[in-house]
Amino acid sequence: MNRKDFLSVTGLAGISVFTGVTSAASNAKPGLKESESPVKINYEKIRLELWHDWTISRGTATYKENVFVYYQKDGITGVGEAAHMTAAGQDADRTIKELELLIPLYKNRLPHEFFDLPNRANKILPGISPAKAALDIALMDWIGKKHGLPLYKFFGLNPETKVKTSFSIGRDTPDAMKQKVAEAAPYHILKIKLTNDGDEDVIRTIRSVTDKPIRVDINEGWLEKEEAIRKIEWMAGQGIELIEQPMPENMIKETAWLKERSPLPIIADEAVNFAQDIPKLADAYNGINIKLMKSGGLVEAYKMCMVAEALGMDIMIGCMIESSAAINAAIQLQSLSKWLDLDGNLLIRNDPYSGAIFRDGQWWVSDLPGIGGVKRDAKRF
Ligand code: MG
């Protein structure tokens with residue numbers, strides 16, 4: 001790559017205009033200069049209808065309300081999405097309030113400050129916020145489109161590396177779970193939620209109808225380490241691939257005890273949100289589950305991948321119930337992962353976007369610029 005191309009790809013050509021380095025500016029392609037045109041940011045709620053009822057502790061949902069963010073500048077629109085953990089008190093109205101707090105920051109800074117913007121956003125609004133994720137994804141989609149590059153290329157990643165994704169099956173009656181396994185025929189790996197109540201029976205039920213690899217997610221449900229290791233040793237003989245968040249996030253010592261003895265990898269989910277959480281988990285977990293809605297978008301997720309890799313930890317990329325906008329964004333990072341759990345868009349009947357193709361149990365990333373999402377024709381629904 002010559003210097004001109006390097007500057008174009010990294011976005012440094014545009015920045016150099018502002019820093020007055022005229023030699024770089026004169027080499028830059030006109031279309032890649034950082035223009036002074038204003039940034040416009042809009043958002044809308046979209047009701048996503050689910051193929052099946054989604055049961056959570058508070059009841060059953062038939063739809064989800066996600067918030068879509070549109071970052072516009074220079075005639076280019078980047079799309080982002082916020083999905084919500086209702087159990088954590090998140091919803092579309094709260095996200096809209098948070099967007100209103102953050103939008104002035106994103107409007108007043110240059111788009112190529114994309115690496116710095118999440119840090120500034122954290123000062124305005126600390127902690128987990130799907131609004132931060134939606135803004136970051138929309139901006140990164142814009143950056144990719146501006147440079148004519150899919151984001152996996154922008155991050156320098158290999159599109160040939162594909163990872164099979166799991167499909168989640170919730171806790172239900174034995175007959176209903178068997179039915180769900182039958183419906184999950186296109187997926188090569190299953191993820192089963194356990195609750196510390198009849199765990200072995202659940203595995204036996206699933207195993208009676210399929211020999212596919214199974215990942216189990218305990219959601220912090222095991223409280224006794226001796227009982228936990230006994231279950232893990234039994235599961236190792238049942239074709240279980242990994243154990244996600246077996247014990248409460250604050251039981252790090254007990255989880256480290258478990259990891260030392262476990263024949264299966266132990267993965268953190270509830271225990272990890274941001275890159276700064278990872279170092280203290282290195283002794284207790286073999287890997288981490290990264291979700292864009294928790295991290296606050298792609299930039300922090302990419303940082304998390306770098307930190308985990310440096311600490312010798314493996315990476316799972318997971319999701320919420322998200323349309324193909326946010327799922328396409330996560331798929332851009334798939335070659336950094338060992339395990340994928342990206343099935344949220346497959347649960348939605350009226351997905352407003354398309355992009356990556358799901359085939360042979362894995363995602364084939366779109367070659368379109370940015371996150372690679374394409375708006376579907378609304379008349380199709
Ligand atoms: Mg989990």
Side-chain angles (χ1 to χ4, degrees), residues 54-58 61 64 83-90 127-128 130 133 163-172 177 180 184 187 189-197 199 202-203 206 213-223 228 231-232 235 240-252 254-255 258-259 262 264-275 277-278 281 284-296 300-301 304-305 308 313-322 326-327 330-331 333-334 336-347:
W54 184 256
T55 301
I56 56 169
S57 55
R58 294 181 192 175
K64 289 277 175 182
H84 306 103
M85 267 189 289
T86 45
Q90 300 168 355
I128 297 177
V163 183
K164 293 205 187 293
T165 189
S166 55
F167 186 81
S168 295
I169 293 187
R171 187 67 187 270
D172 214 321
M177 283 193 291
K180 284 179 183 171
Y187 310 100
I189 303 165
L190 302 176
K191 182 167 175 180
I192 311 293
K193 296 275 189 180
L194 299 180
T195 60
N196 198 26
D197 176 24
D199 292 342
V202 173
I203 302 295
I206 305 290
I214 295 173
R215 300 168 184 170
V216 297
D217 188 356
I218 326 298
N219 291 115
E220 310 183 288
W222 292 346
L223 302 175
K231 286 187 185 183
I232 292 173
M235 286 179 190
I240 307 297
E241 265 192 354
L242 59 84
I243 309 286
E244 186 171 321
Q245 199 65 54
M247 307 190 81
E249 57 159 309
N250 58 1
M251 293 178 75
I252 295 186
E254 291 83 351
T255 309
L258 214 54
K259 181 196 164 209
S262 173
L264 299 175
I266 311 278
I267 312 305
D269 183 2
E270 283 83 347
V272 62
N273 300 315
F274 312 108
D277 300 330
I278 304 172
L281 303 177
Y285 297 89
N286 302 95
I288 56 166
N289 187 350
I290 297 173
K291 296 175 179 169
L292 298 187
M293 294 302 137
K294 291 198 301 175
S295 71
E300 183 70 13
M304 292 173 80
C305 291
M313 298 172 84
D314 289 317
I315 292 157
M316 173 188 286
I317 300 179
C319 66
M320 320 280 287
I321 299 185
E322 300 160 12
I327 296 289
I331 289 169
L333 301 181
Q334 79 161 315
L336 292 169
S337 74
K338 182 168 182 177
W339 308 285
L340 277 192
D341 184 26
L342 294 177
D343 59 355
N345 54 340
L346 305 168
L347 307 175

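First listed ligand is number 1; within each ligand, the first listed atom is number 1.
Contact detail for Glu300 and Phe274: the closest heavy-atom pair is OE2-CB, 3.5 Å. Shown here for Ala184 and Ile169, the closest heavy-atom pair between the two residues is CB-CD1, 4.5 Å.
No donor-acceptor pair closer than 3.5 Å links the side chain of Asn345 to the backbone N or O of Ile327.
Taking backbone and side-chain atoms together, Asp269 has an N/O/S atom less than 2.8 Å away from the Mg ion (ligand 1). Here Asp217 meets the criterion, with an N, O or S atom under 2.8 Å of the Mg ion (ligand 1).
Atom OE2 is the N, O or S atom of Glu244 at the shortest distance from the Mg ion (ligand 1).
With rounding to the nearest 0.5 Å, the separation of CD1 in Ile214 from CD1 in Ile240 is 4.5 Å.
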